[in-house]
Protein chains: 2
Amino acid sequence: MKEKPKMIRLSEEHIPKAWYNVQPDLPKPLAPPLHPITREPAGPDDFAPLFPMSLIAQEMSGESYIEIPAEVREIYKLWRPTSLVRAERLEKRLQTPARIYFKNEGESPAGSHKPNTAVAQAYYNKKEGVRKLTTETGAGQWGSALALGCNYFELELQVFMVRSSYAQKPYRRVLMETWGGKVDPSPSKLTEFGKKMLQEYPDTPGSLGIAISEAVELAVQADDVKYSLGSVLNYVLLHQTVIGIEAKQAFEMIDDYPDMVIGCVGGGSNFGGTALPFVKEKLAGSDIRLIAVEPTSCPTLTGGRYEYDYGDTAGMAPIVLMYTLGHEFVPPPSHAGGLRYHGASPIISLLVNEGVMEARAYHQVEVFEAAMTFAQTEGTIPAPETSHAIKAVIDEAVKCRESGESKCIFFNFSGHGMLDLSAYDDYKSGKLSDI
Amino acid sequence: MKEKPKMIRLSEEHIPKAWYNVQPDLPKPLAPPLHPITREPAGPDDFAPLFPMSLIAQEMSGESYIEIPAEVREIYKLWRPTSLVRAERLEKRLQTPARIYFKNEGESPAGSHKPNTAVAQAYYNKKEGVRKLTTETGAGQWGSALALGCNYFELELQVFMVRSSYAQKPYRRVLMETWGGKVDPSPSKLTEFGKKMLQEYPDTPGSLGIAISEAVELAVQADDVKYSLGSVLNYVLLHQTVIGIEAKQAFEMIDDYPDMVIGCVGGGSNFGGTALPFVKEKLAGSDIRLIAVEPTSCPTLTGGRYEYDYGDTAGMAPIVLMYTLGHEFVPPPSHAGGLRYHGASPIISLLVNEGVMEARAYHQVEVFEAAMTFAQTEGTIPAPETSHAIKAVIDEAVKCRESGESKCIFFNFSGHGMLDLSAYDDYKSGKLSDI
């Protein structure tokens with residue numbers, strides 16, 4: 001084996017030239033999305049009021065590789081390739097013979113993997129003459145990533161931020177504004193639906209469902225305004241495959257290779273982006289394990305049903321076949337805002353249902369214990385969402401210690417927790433509910 | 001010229017094996033520090049109650065290079081070498097023929113250059129049997145870096161955090177606690193001086209001067225407790241020279257070289273660490289310019305006097321020859337908490353006084369304008385302190401546009417502003433005073 005440095009940093013010529021589309025390699029085709037009202041299979045025209053045609057084409061593409069536009073790769077160069085890091089100090093703390101690696105997506109300016117798709121979506125919208133994007137955001141991870149993307153392609157951005165987060169988490173709002181986004185608390189007076197909600201429930205803290213409805217309402221009103229979604233969709237997972245593709249190149253350089261690939265799952269985009277490039281070999285008979293990790297408080301893959309359901313709470317989004325807790329399911333408040341979605345990406349759902357991927361769930365307190373162990377060994381503070389993956393990594397590494405096996409565990413460090421430090425404060429002061 | 005990538009990322013074998021000590025190369029020797037009470041030249045024994053002997057030896061060393069212990073380099077590997085980044089998008093925005101580069105010290109787990117010395121100081125204290133360190137912190141940059149260092153060498157840490165910051169900026173307190181530091185608002189009931197202040201001024205917001213006095217009081221009481229300072233001292237600048245040494249290696253790889261080196265100055269450690277490795281060639285006749293940037297609200301180098309003064313407000317610290325605004329000078333509140341020191345490092349002061357380095361000052365609003373330009377072009381959010389350097393970089397790049405000269409401008413990106421976003425909020429809402 002070659003020498004193994006702490007950080008494996010590829011140079012910019014290793015930024016992938018194409019995204020990997022798993023669709024032609026899936027063990028069975030994805031079930032068609034249905035129109036929310038007619039319940040008939042939805043075609044490109046049904047999505048046209050919301051999304052640009054190039055993204056709709058990617059959503060349904062049968063090509064294995066889709067070229068990354070030069071303009072998008074130029075922006076990726078601001079932080080990509082991200083480092084592949086050997087977590088030696090974590091290994092030592094756990095006294096495990098396992099080799100632990102993580103891909104540090106927290107290196108992006110927004111601090112998470114989200115800009116990988118935000119930049120691409122902004123590019124395609126701009127190219128098709130769109131003037132303005134709308135979106136929703138909870139804690140602000142997605143909104144800030146999209147603000148960064150819109151900043152680079154000179155698009156206006158209207159973000160509907162869940163009112164309770166808008167009040168409690170001002171930092172990510174400021175981040176969005178710094179990159180030129182306009183942010184309003186949702187429900188807002190900018191939409192009919194928002195006004196109706198404010199009239200009926202003047203003190204509502206808002207919800208992601210309401211915010212989506214507002215963003216969609218604004219988008220469908222004008223031809224040059226579109227809506228942008230940061231997870232779940234096939235093309236979002238597609239854009240995120242830069243993570244897994246880069247990781248494979250880095251592993252090749254150090255002559256090592258994962259025995260398991262681990263990521264947290266909300267909608268499924270960071271785990272998909274990391275694990276999908278390993279699916280083909282898994283289907284060809286490899287022993288590699290692809291492990292999705294979710295919170296017990298929103299156990300979509302481990303506790304949901306695999307059936308057709310609405311993508312949104314209000315029942316306005318397409319109906320898709322996925323693992324779901326029911327579109328009216330409201331998870332309890334938690335610090336992993338990015339994992340509080342009632343469904344999961346149809347691609348991830350299919351692969352879990354087919355046994356290609358596995359899933360597990362953890363409680364909030366054990367997740368923060370894992371986050372503390374990581375912060376005290378590797379230094380970097382993980383986001384609460386990312387810490388779910390870390391908890392699974394630690395469990396697998398401890399199993400290796402017990403069995404004496406030296407496995408290679410690879411996980412995606414989907415984002416840092418610099419703007420989530422209040423969650424750590426709650427944990428340490430014993431205020432964290434163990435949901 | 002070789003190809004020039006956006007990011008120049010060295011591999012870990014490029015982490016320097018020795019720090020560069022500028023002292024033997026200075027145009028004249030540093031004036032001796034004086035004892036605060038006797039006003040006689042202070043020797044090693046005078047510093048022994050506060051600092052370990054190995055650091056005191058470094059403070060007075062005449063060696064040109066001091067080996068970096070393997071244990072310290074091991075920790076450096078968690079984030080070093082930091083990237084040297086070509087700021088092409090900033091260049092394009094400014095339409096300048098200048099080539100702009102920055103060293104990204106925001107890549108450390110604490111988000112700034114401060115861990116370069118914090119880790120080293122923790123190591124030497126541990127090696128000499130110290131059990132616990134004490135320190136003061138304002139906004140928390142230094143405190144969090146030292147907490148990271150103590151975490152790795154299993155030292156206890158007591159941080160006295162200025163009371164107003166403790167209340168207003170909880171995030172960095174949580175960061176310190178996550179890495180195992182104990183943080184109390186200052187004045188506190190842990191010291192006699194703190195108790196006295198609380199009795200006399202129960203509503204005091206605290207100050208850095210009070211916090212220093214508390215940290216020192218606690219340190220001198222026990223042999224196995226020492227005090228740690230994050231700037232100003234010769235050995236702090238010494239530890240920071242990893243920045244400039246790495247930068248030189250990176251420039252060599254791309255066959256380019258700075259015409260000017262720019263950094264912000266509070267105590268002087270990040271600018272010193274960046275610029276000192278270029279001093280020898282400047283003294284040998286090179287045209288390279290070394291530019292220190294400070295706030296007009298605390299204009300130590302541009303508005304202070306070069307004379308002997310106390311290092312602290314209370315007059316308990318050694319008297320040193322430096323640029324100073326007077327040890328009783330209290331700068332107005334600003335968002336650049338790290339630049340609010342009445343003095344400047346004796347080394348930087350001597351080099352400015354000798355004309356080897358130059359200094360300039362900027363107002364707060366123009367500094368934030370520069371920060372916004374940077375965030376919207378390069379993506380990353382700069383700390384308010386760092387933004388002072390960016391303002392100078394932009395001014396120099398605009399001069400190049402006007403003169404048509406293609407100069408190479410290099411600056412130290414001393415830290416990111418993810419935990420300073422409230423300052424950006426003030427700027428954008430017009431609440432920022434233009435001090």
Side-chain angles (χ1 to χ4, degrees), chain A residues 3 5-13 15 74-81 83 85-89 104 107-111 115 119 144 148 151-152 170-175 177-180 371-372 375-381 416-429, chain B residues 3 5-13 15 74-81 83 85-89 104 107-111 115 119 144 148 151-152 170-175 177-180 371-372 375-381 416-429:
Chain A
E3 203 185 316
K6 167 80 188 163
M7 296 223 221
I8 303 96
R9 289 171 157 174
L10 304 171
S11 49
E12 68 186 37
E13 64 265 30
I15 295 174
E74 272 305 305
I75 309 294
Y76 279 176
K77 283 181 191 173
L78 289 171
W79 71 94
R80 305 208 70 85
S83 308
V85 187
R86 175 84 183 262
E88 288 166 305
R89 292 186 172 270
N104 189 356
E107 290 173 354
S108 85
V119 167
S144 53
L148 182 72
N151 168 67
Y152 283 121
Y171 273 24
R172 281 219 181 83
R173 167 181 65 74
V174 181
L175 199 52
E177 291 172 349
T178 299
W179 288 322
M372 291 293 288
Q376 289 170 2
T377 51
E378 295 300 313
T380 304
I381 309 289
H416 67 63
M418 277 289 185
L419 298 182
D420 301 290
L421 284 166
S422 60
Y424 282 81
D425 203 18
D426 284 355
Y427 167 72
K428 279 176 293 159
S429 56
Chain B
E3 202 186 318
K6 167 80 188 161
M7 296 223 220
I8 302 96
R9 288 170 157 175
L10 304 171
S11 49
E12 67 185 40
E13 63 264 22
I15 296 173
E74 272 305 305
I75 308 294
Y76 279 175
K77 283 182 191 172
L78 289 171
W79 72 94
R80 304 209 71 85
S83 309
V85 187
R86 175 83 183 263
E88 287 166 306
R89 291 184 173 272
N104 189 356
E107 290 173 353
S108 85
V119 167
S144 53
L148 181 72
N151 168 66
Y152 283 121
Y171 274 25
R172 282 220 180 83
R173 166 181 65 74
V174 180
L175 199 52
E177 290 172 350
T178 299
W179 287 322
M372 291 293 289
Q376 289 169 2
T377 50
E378 295 300 313
T380 304
I381 309 290
H416 68 64
M418 277 287 186
L419 299 182
D420 301 290
L421 284 165
S422 60
Y424 282 80
D425 204 18
D426 284 355
Y427 167 72
K428 279 177 294 159
S429 56

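Computation of the quantities below employed the complete heavy-atom set of this structure, encompassing side-chain atoms and omitting hydrogens, waters and symmetry-equivalent molecules. Chain naming here is simple, since letters A, B, ... match the order of the sequence lines and numbering starts at 1 in each.
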| message | Using only atom types and a distance under 3.5 Å, with no angle test, would you say the side chain of A:Gln376 pairs donor to acceptor with the backbone of B:Asn151? | response | no
| Which answer fits B:Ser11, side chain, backbone, both or neither, if we ask what part of it has an atom under 4.5 Å from a heavy atom of chain A? | neither
| task | Applying side chain to side chain contact (heavy atoms under 4.5 Å, CB included), run through A:Trp79 and B:Thr380 and close with a yes or a no. | result | CA-CA 9 Å; A:Trp79 71 94; B:Thr380 304; over 6 Å; no
| remark: From the list A:Glu12, A:Glu13, A:Lys77, side chain to side chain contact (heavy atoms under 4.5 Å, CB included) partner of B:Pro5 resolves to A:Glu12
| message | Shorter than 4.5 Å, heavy atoms on both sides: which option in B:Pro109, B:Ala371, B:Ser83 has the most such pairs with chain A? | response | B:Pro109
| said: Counting heavy-atom pairs closer than 4.5 Å to chain B, which one of A:Leu175, A:Leu10, A:Leu148 comes out on top? | reply: A:Leu175
| request: For the pair A:Lys428 (side chain) and B:Val174 (backbone), establish whether a donor and an acceptor sit closer than 3.5 Å, ignoring hydrogens and angles. | output: yes
| remark: Here the pair of heavy atoms bringing B:Glu378 nearest to A:Tyr152 is C-OH, 3.3 Å
| message | For B:Ala110, which atoms come within 4.5 Å of any heavy atom of chain A: side chain, backbone, both, or neither? | response | backbone
| task | Kindly give the heavy-atom pair with the smallest separation between A:Thr178 and B:Ala375, and that separation in Å. | result | CG2-CB, 3.8 Å
| task | Heavy atoms only: give me the nearest A:Leu78-B:Met7 pair and the separation to one decimal. | result | O-CE, 3.1 Å
| query | How long is the span from the CD1 atom in A:Ile75 to the NZ atom in B:Lys6, to the nearest 0.5 Å? | reply | 9.5 Å
| task | Could you give me the CA-CA distance, side-chain angles and deciding distance for B:Arg173 and A:Asp425, then say whether side chain to side chain contact (heavy atoms under 4.5 Å, CB included) is met? | result | CA-CA 9 Å; B:Arg173 166 181 65 74; A:Asp425 203 18; 3.0 Å; yes
| Proximal component of B:Met418, with respect to chain A [non-hydrogen, under 4.5 Å] | both
| request: For the pair B:Tyr424 (side chain) and A:Tyr171 (backbone), establish whether a donor and an acceptor sit closer than 3.5 Å, ignoring hydrogens and angles. | output: no
| note | If you tally heavy-atom pairs under 4.5 Å between each of A:Ser422, A:Gly111, A:Ser108 and chain B, the highest tally belongs to A:Ser422
| query | At a heavy-atom separation under 4.5 Å, does B:Leu419 approach chain A through its side chain, its backbone, both, or neither? | reply | both
| Between B:Glu177, B:Arg172, B:Arg86, the one whose heavy-atom pairs under 4.5 Å with chain A are most numerous | B:Glu177
| query | B:Asn104: what forms a side-chain hydrogen bond (donor to acceptor under 3.5 Å, both in side chains) with it, not counting sequence neighbours? | reply | none
| query | With only heavy atoms counted, which part of B:Glu74 is less than 4.5 Å from chain A, the side chain, the backbone, both or neither? | reply | both
